[in-house]
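Quick caveat, the model's predicted, so the values are computed rather than measured. Proteins get letters first, then strands, A, B, ... in listed order; numbering begins at 1 in each.
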Amino acid sequence: MDKNLIIYNSLTRKKETFEPINPPYVGLYVCGPTVYGDAHLGHARPAITFDLLYRYLKHLDYKVRYVRNITDVGHLENDADEGEDKIAKKARLEQLEPMEVVEYYTHRYHENMDALNVLRPSIEPKASGHIIEQQEMVRNILQSGFAYEVNGSVYFDVEKYNQTHDYGKLSGRKLEDMQANTRQLEGQEEKKNPYDFALWKKASPEHIMRWPSTWSNGFPGWHLECSAMSTKYLGEQFDIHGGGMDLLFPHHECEIAQSTAANGKESVKYWMHNNMITINGQKMGKSLGNFITLDEFFSGNHKVLDKPYSPMTVRFFILQAHYRSTVDFSNEALQAAEKGLERLLKAGKVLQQLRAGKESTINIKPLKDNCYQAMNDDLNSPILIAHLFEAVRLIHLLKEGKENLNTNDLEQLKNLYHTFVYDILGLQEEASDRSELTSDLIDMILTLRLEAKKNKDFDTADKIRDELTQKGIKIKDTKDGYEWEV
RNA sequence: GGUCGGUUGGCCGAGUGGCUAGGCACUGGUCUGCAAAACCACGUACGGCGGUUCGAAUCCGCCACCGACCUCCA
């Protein structure tokens, strides 16, 4: 096993050798969803990207604590005084309790992620369950002098922080530029500067989600939850923080500032950001309204979808692009992924049935090295997949007896294939929904058809085939039998 | 406007200063009662214009176009 993992660090904008702060332990924090709507294709990207990372780190024998939060409070609509929590707003519209909305969409999110074979994180903390910790952090930042209180709200003093630290180091921004470019929004009179951000916000009378504090009845600012929860579960310094590129500024920039201000040191060693999924060249996003939910993909129930796409197809589609590239959705691309995936999984089945020969005519080692090399190079899943397709070609040659492997090498190939396809890429066969009785009946019918064929009664044979095909059952004639699938 | 990134063959999508990823589609072939499926074979593409170099799609400059972030966002 080649453990020389290199990852691209957004903070330094370079590929760096991954060295955990405290090996063999690895702390991984990823920004999870805000649960006020169904997950769409865009949400699958970070989930799958960091699932790949999580799986690979575990494969490399690291002891990983993976924390992915659920944001259920604190997203101000527009940072204005009247700013209303997104969760609360949705709740009002549907006449539900805020926590009811949270629970509902959290469950739906879990169902989608399970379908995509995304492993559950070690800890999945909710912001609403960590108000105390967030208040503690606000207190720490106030104490260190990098925040100020106005009318029951507490804001982070960006200018003061920037005098001794570098606000903008992650996003590559300079404070002077931001001064000129920050949008003028309403209700910002309280802040010293427009780019200051809320740590604690006093709740307006109609605001439902609120908690008592020394400053006011209110709620924490959005950026605070990740800082507070990552510190609580991974410590003041931890290894990897991930999330979507769109969170880089301001969210992650603010996290750095908060953690540094509160703890006096940099919290994150490696920042990793996945790129966006686009549709017609544009980012698929909640606010643009051009998103397709995962359920819609799975059911095919959306006007731009030609057909349903299975969770594994979606997963494979995402893995076929490198996580730092944008990936453009299209029916054509999805269908190409669907077929490619099918070939990969079928070859896996063929591999299980291969028998070893006396001597190996091919060397497995380069293939193995290539697979590790691809993953070690900043999780290059598309390259890994390319190598796995080389393995597919090999498997077919072995099946046809054009090449041979001895017992040991064949075992190695099986292990390799299983490890990378199923364990690391997290691909799996789709569950079939047919009952045993149905299977038996189809087998019976096809046995009759086989007899008809033997008697050269092709009319009957074709009739059976046509009718079964109409029912969605694919029949493949083999040398002296048949195969079928729904 | 500021900051950052992208432009690769019919589609998707890697990558690198010289050794033409990969998938899908197309086409041809093998197999088959026929068909389907499988399998095999198959394309020298890198936005435009200059420059550096023995050699650039890969480095540099300019231009064009597209996008992300700057406001909630995965």
Hey, does the side chain of [X] come within less than 4.0 Å of [N]'s phosphate (OP1/OP2), counting only N and O?
X: Asn275(A); N: G5(B); result: no
X: Lys283(A); N: C69(B); result: yes
X: Arg343(A); N: C39(B); result: yes
X: Ser325(A); N: A14(B); result: yes
X: Lys339(A); N: A25(B); result: yes
X: His396(A); N: C39(B); result: yes
X: Thr34(A); N: A74(B); result: yes

What nucleic acid atoms does Met276(A) come within less than 4.0 Å of, heavy atoms only: base, sugar-phosphate, or nothing? base

Under 4.0 angstrom, heavy atoms only, what part of the nucleic acid is Leu248(A) near: base, sugar-phosphate, or nothing? nothing

May I have the distance from [X] (atom [atom1]) to [N] (atom [atom2]), rounded to whole angstrom?
X: His322(A); N: A21(B); atom1: NE2; atom2: P; result: 19 Å
X: Arg324(A); N: A68(B); atom1: CZ; atom2: C1'; result: 15 Å
X: Ile464(A); N: A36(B); atom1: CD1; atom2: C1'; result: 16 Å
X: Asn290(A); N: G67(B); atom1: CG; atom2: P; result: 12 Å
X: Asn274(A); N: G5(B); atom1: CG; atom2: P; result: 17 Å
X: Leu446(A); N: A36(B); atom1: CG; atom2: C1'; result: 14 Å
X: Leu397(A); N: U30(B); atom1: CG; atom2: P; result: 19 Å
X: Asn69(A); N: A74(B); atom1: CG; atom2: P; result: 11 Å

Closest listed nucleotide, where the reference is the side chain of [X] and the choices are [options]:
X: His40(A); options: G23(B), G13(B), A74(B); answer: A74(B)
X: Ala461(A); options: A68(B), A38(B), G33(B); answer: G33(B)
X: Pro46(A); options: G33(B), A21(B), A74(B); answer: A74(B)
X: Pro382(A); options: G23(B), A74(B), G13(B); answer: G13(B)
X: Glu400(A); options: C11(B), A21(B), C39(B); answer: C39(B)
X: Asn380(A); options: G15(B), C4(B), C70(B); answer: G15(B)
X: Val327(A); options: G23(B), G13(B), C70(B); answer: G13(B)

So, does Asn117(A) use its side chain to make a donor-acceptor pair with the main chain of Gly426(A) at under 3.5 Å? yes

Thr326(A) (side chain) donor-acceptor with Asn275(A) (main chain) under 3.5 angstrom: no

Suppose you measure atom [atom1] in [N] against the same atom in [M]; what distance do you get, rounded to whole Å?
N: C39(B); M: C54(B); atom1: C1'; value: 44 Å
N: C11(B); M: U7(B); atom1: P; value: 15 Å
N: A74(B); M: C60(B); atom1: C1'; value: 36 Å
N: U3(B); M: C62(B); atom1: P; value: 13 Å

Classify the angle between the aromatic ring planes of Phe297(A) and Phe329(A) as parallel (below 30°), tilted (30 to 60°) or perpendicular (above 60°). perpendicular

Under 3.5 Å, is there any donor-acceptor pair linking the side chain of Ser287(A) to the base of C72(B)? yes

Look at the side chain of Arg393(A) against the base of C39(B) and say whether a donor-acceptor pair falls under 3.5 Å; ignore hydrogens and angles. no

What form does the base of A64(B) take, syn (within 90° of 0) or anti? anti

Let's go through Asn4(A) and Tyr372(A) carefully: what are the C-alpha distance in whole Å and the side-chain angles of both, what is the deciding distance for side chain to side chain donor-acceptor pair (under 3.5 Å) to 0.1 Å, and is it a yes or a no? CA-CA 9 Å; Asn4(A) 191 26; Tyr372(A) 277 105; over 6 Å; no

Heavy-atom nearest nucleotide on RNA chain B for Ser330(A) versus Asp462(A): which residue maps closer to 5'? Ser330(A)

Assign each of Ala336(A) and Phe329(A) to its nearest nucleotide of RNA chain B by heavy atoms, then name whichever residue's nucleotide is nearer the 5' end. Phe329(A)

Evaluation steps, side chain to side chain donor-acceptor pair (under 3.5 Å), between Asn193(A) and Tyr155(A): CA-CA 10 Å; Asn193(A) 284 298; Tyr155(A) 295 99; over 6 Å; no

Centre-to-centre under 6.0 Å for Tyr233(A) and His130(A), is that the case here? yes

Using Watson-Crick or G-U wobble geometry with both distances below 3.5 Å, tell me the partner of [N], or none.
N: U20(B); value: none
N: C62(B); value: G48(B)
N: C69(B); value: G2(B)
N: G33(B); value: none
N: G9(B); value: none
N: U27(B); value: A41(B)
N: A57(B); value: none

By a 5.5 angstrom centroid cut-off and a 30 degree plane limit, is there stacking between Phe458(A) and G33(B)? yes

Side chain to side chain contact (heavy atoms under 4.5 Å, CB included), that's the test. Do Thr71(A) and Asn69(A) meet it? Break it down for me. CA-CA 6 Å; Thr71(A) 297; Asn69(A) 67 297; 3.0 Å; yes

What do you reckon, is NZ of Lys399(A) surrounded by more than 12 foreign heavy atoms closer than 6.0 Å? no

